[in-house]
Every structure is written in C-alpha cells, then in structure tokens.
Number of protein chains: 2
Amino acid sequence: MPKAQRMAQMLTVAEEIFAEQGYLATSMDEIAERVGVSKPMLYEYFGSKEGLLIGCIHRARTELREKTAAAIAGAQSPEEFLRLGLRAFFEFIDEHRRSWALLRQEAAVAVPSAQEEVEGIRQQQTDMIGAVLASFTPDIDPLEAEAFAEIVVGATERLAVWMERRPSVGPALATDYVMAVIWPGVAMKLPAPAPHA
Amino acid sequence: MPKAQRMAQMLTVAEEIFAEQGYLATSMDEIAERVGVSKPMLYEYFGSKEGLLIGCIHRARTELREKTAAAIAGAQSPEEFLRLGLRAFFEFIDEHRRSWALLRQEAAVAVPSAQEEVEGIRQQQTDMIGAVLASFTPDIDPLEAEAFAEIVVGATERLAVWMERRPSVGPALATDYVMAVIWPGVAMKLPAPAPHA
DNA sequence: CTCGTAACTTACTTCGAGTAACCTACTGCG
DNA sequence: CGCAGTAGGTTACTCGAAGTAAGTTACGAG
C-alpha cells in the first residue's frame, strides 16, 4: 500500500481505538494488528505512540479549520459570523461523535505535546472570534475581547460534550442555546445597530 | 506515621509532581521517593497509580464543593448566586494554580475513571446552577436549563485556564467577565425584576 | 521480655513502548 | 531473462515502569 494511504488508514484506526478504550489502555501492538501491519511500521510512520496521537489531533484540527473557514466566509454581521462558526463547529463534532471526547479532552492529558496540539485548536477558535470582534468594534479592550473569545470557546466545547449525551440535541439547537446565552451580553458591547447592513 | 496523615501527605506530593511533569511522565517510584517511603506503600494506600490520581481529584472536588457551598449560602438573587459561585470557583483555581490544569484537563485523559471523577466536579457545578435557575424560574424548559448550566461551566472552566496564563487577571476580574457575557442572556429568561427583593 | 500488629521494605514478575537487524516483492533496465 | 535498488514490511529483541509476594522493623499492651 502507498505511504499516504497507509498513513491515513493508521490515523483512522488509531482514532477509532483511542476513542473506544482511551489512549493509555491502547497498545501499539493492538493498533498495528487492527491496521493489519506490524508495530514497527507505526513507528516508521509516526515515531512514537505520542506522535500517532498528535497525528490524529492534527488531522482533526485541519479538517475543523477548513470547515469553519468555509462556513463563515459569507457572513455579514458579527452575529452571523458567530452563529455560522458555532454551527460549523457543532456539525463537525456531530460527525466525529466518538472521537471527539478523546481528541479534545482525554488525549490532552496524556502527553504534553498533544496538549499543545489541542491548545492549537482552541487558539484557532479564539483567534477567529477575537478577529471578528475586533473588526466590528475596533476600540474594544483587548483583554476583554480575549476573555470573551475564551468564554465562547469554553461554552461551546462543553456543550459539544453535552450534545453527545443528548441525542435529541443536534447542531442547530446547540447553536441556538449558545447564542441565546451569550449574544445579548456581546451585543451590548457592540456599536449601535450594525455598521452598514 | 499514622495512616490518615500519611495518606494526606501522599496526595499532596502526588498532586505536586503530577502538576509538574504530567501524569504519564511521573513514575510511582518517583512519588514514593519524594514522600520518603517505598513504592508498595503507595499501592497499599491507593491500589494503583490511577487510584492515586483519583484520590487527588477527589480531594480537590470535596474542597471545591465545600468552599462553593459556603460562598453561596447567603445569596438572595440568582445574579448573586451566580456571581458568588463563580467567584468561589475562580478563587479555588487561583489557590491551586499549578494543580488545576492537570487535575481537570490533563489527568482526565489518561484514565477513564479519572475522567468520571472530573465529570463529577462538573456535575456538581451544573447541578448547583440548574437548581438555582429552577428555583427562581420554575417554569423554565428543563433542557434549556441544562444547556445553560453546561454553558456556564464550560465558559468558567476555560476562563480559569486562561486566568492561569494571565497573571494580571484575578478571580474578581474573571468573575466580572463571565457575568458580563452571560448575565444579560440569562436575565431575559427570568421573570420580571425579581420575586421579592 | 515477648506477643501482635501497624507500617514498612526488598526483590521480584509482567507488560508494553521503542529498536535493530533482517526480509520480500515489485520496478526499471541491460 | 536476470539482476539491482528500494519501498514497504517483519521477527526478535531491550528496557523501563506498573504492580506484587514475601519478609522485616517499630512499638505499645500484657
């Protein structure tokens, strides 16, 4: 099998098993077996168990960034930006139900460098939110903008986990809930109605 | 040394080393050495490395619950409940700076049962918030109340991590930020001004 | 001073991450 | 056809850390 393909397969299998059993409880031999290959191949491709985990997170991160960027492309107001971004995020989670808890919550623990990758995801989100906020209200206190972005990311992350436990709650409703709670508080910080629309 | 005392000492040392190096990178021998005792004693007291970790989380959880309960005891309005509860939480984090990221974020990963303990902390918080909300607005949609509690917990948790990175932000300011974002959205759900005060 | 037990230690076993060294099957080419 | 080079792969190890079995010391009560 060609390299790129094998690598993708390994990531897929690893993500699956990690999600099932947790990072620690999973052995490299186990992953290798399910891939249908021997352990040293995993080391050939990812260097270490930690590297494999990071590979999983990194791939998820890339996919999330692309989907989010695409989703918010046409937004015209800060409210629309937020709503579309949140929606894209929850949809992403919805597609990755099982893997998510691992990649974001569990995995972060195990290895410091995985923690960094996960922080990278959050950074991506807070940056995006911060940028949106700043572009619509240039005179906002930077520290406050940062706090706001963190709050939204935290709320969203937690609600994503909750959504997994509540099958009746889908991406649309989750988005509504978050917006209902945070939007009034944010709107108060913004200039009058809206710049131009 | 008597058992109870030894146990407390072990928890303190373990929390410290886990926070310094992370759960995985820490060996039981290392903890034992720093306690000034041999490894099997740790197993005598906690059964496993996982058990030791859970012991750490459990102790933190108990302390947090007690402090929060004491803090909100005298609150008269939902706003005051929330504010005092948040304040107590951020103060707790502030006192446990280094341990926090570990116990809540990193550690959760490694072992599924630690994850459960950590979820217990969150459960404690969401329950408390849900109860406050329900007591002031009995006719609120239960699902919505739950979502709200999750949002607040998520926002708070994330802001706590952020606070660690920003020395200039203390518990008071963190509380203000969270309240500024979420309170307007919540107030809209409440009945008129306030029941009696 | 010796019995009993709480608190502790030394010396293992086991299991999984990581590695060294070797193998195979295909591709292009004289 | 036959052979060289290499991508992709395997077997068989080492080593470190979790967990354990069996024995040892300290010390208060009779």
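These values consider heavy atoms only, across backbone and side chains, with no hydrogens, waters or symmetry-generated copies. Convention: sequence-line order gives letters A, B, ...; per-chain numbering from 1.
Candidate nucleotides D:dG19, D:dG9, C:dG18 were compared by shortest atom distance to the side chain of B:S48, and D:dG19 ranks first. Comparing D:dT10, C:dG18, C:dC8 by their nearest atom to the side chain of A:V37 picks out D:dT10. The nucleotide whose nearest atom lies closest to any side-chain atom of B:M41 is, among D:dG9, C:dC8, D:dT20, C:dC8. Distances from the side chain of A:S38 to the nucleotides D:dG9, C:dT19, D:dT10 place D:dT10 closest.
One atom, CD1 of B:I31, and another, C1' of D:dA18, lie 12 Å apart when rounded to the nearest Å. A:M28 has its CE atom 20 Å from the P atom of D:dC15, to the nearest Å. One atom, CZ of B:F18, and another, C1' of D:dA18, lie 12 Å apart when rounded to the nearest Å. Between the P atom of D:dG23 and the CD atom of B:E44 lies a distance of 17 Å, rounded to the nearest Å. The distance between atom CD of B:Q5 and atom C1' of C:dA7, rounded to the nearest whole Å, is 13 Å. A:Y23 has its OH atom 8 Å from the P atom of C:dA17, to the nearest Å. To the nearest angstrom, C1' of D:dT10 lies 15 Å from CD of A:E33. Taking atom CG of A:D29 as the reference point, atom P of C:dC15 lies 13 Å away to the nearest angstrom.
Counting heavy atoms from C-beta outward, B:T126 and B:E146 have side chains that stay 4.5 Å or more apart. With contacts defined as side-chain heavy-atom distances shorter than 4.5 Å, the pair A:M163/A:D94 qualifies.
Inspection of the B:R83 and B:S77 side chains reveals no N or O donor paired with an N or O acceptor under 3.5 Å.
A:F89 does not carry A:K67 over the face of its six-membered ring by the limits of under 6.0 Å from the centre and within 45° of the normal.
For A:K3 against D:dG8, no side-chain N or O and base N or O form a donor-acceptor pair under 3.5 Å.
Projected onto DNA chain C by closest heavy-atom contact, B:K39 and A:K39 fall at different nucleotides, the more 5' of which corresponds to B:K39.
Backbone-only engagement by B:Y45 is indicated by non-hydrogen atom pairs under 4.0 Å involving sugar-phosphate atoms exclusively. Among the atoms of the strands shown, base atoms are found under 4.0 Å from some heavy atom of A:P40.
Proximity of a side-chain donor or acceptor of A:H58 to a complementary backbone N or O of A:I54 within less than 3.5 Å is not detected.
Between B:R6 and the phosphate of C:dC8, there is a side-chain N or O to OP1/OP2 separation shorter than 4.0 Å.
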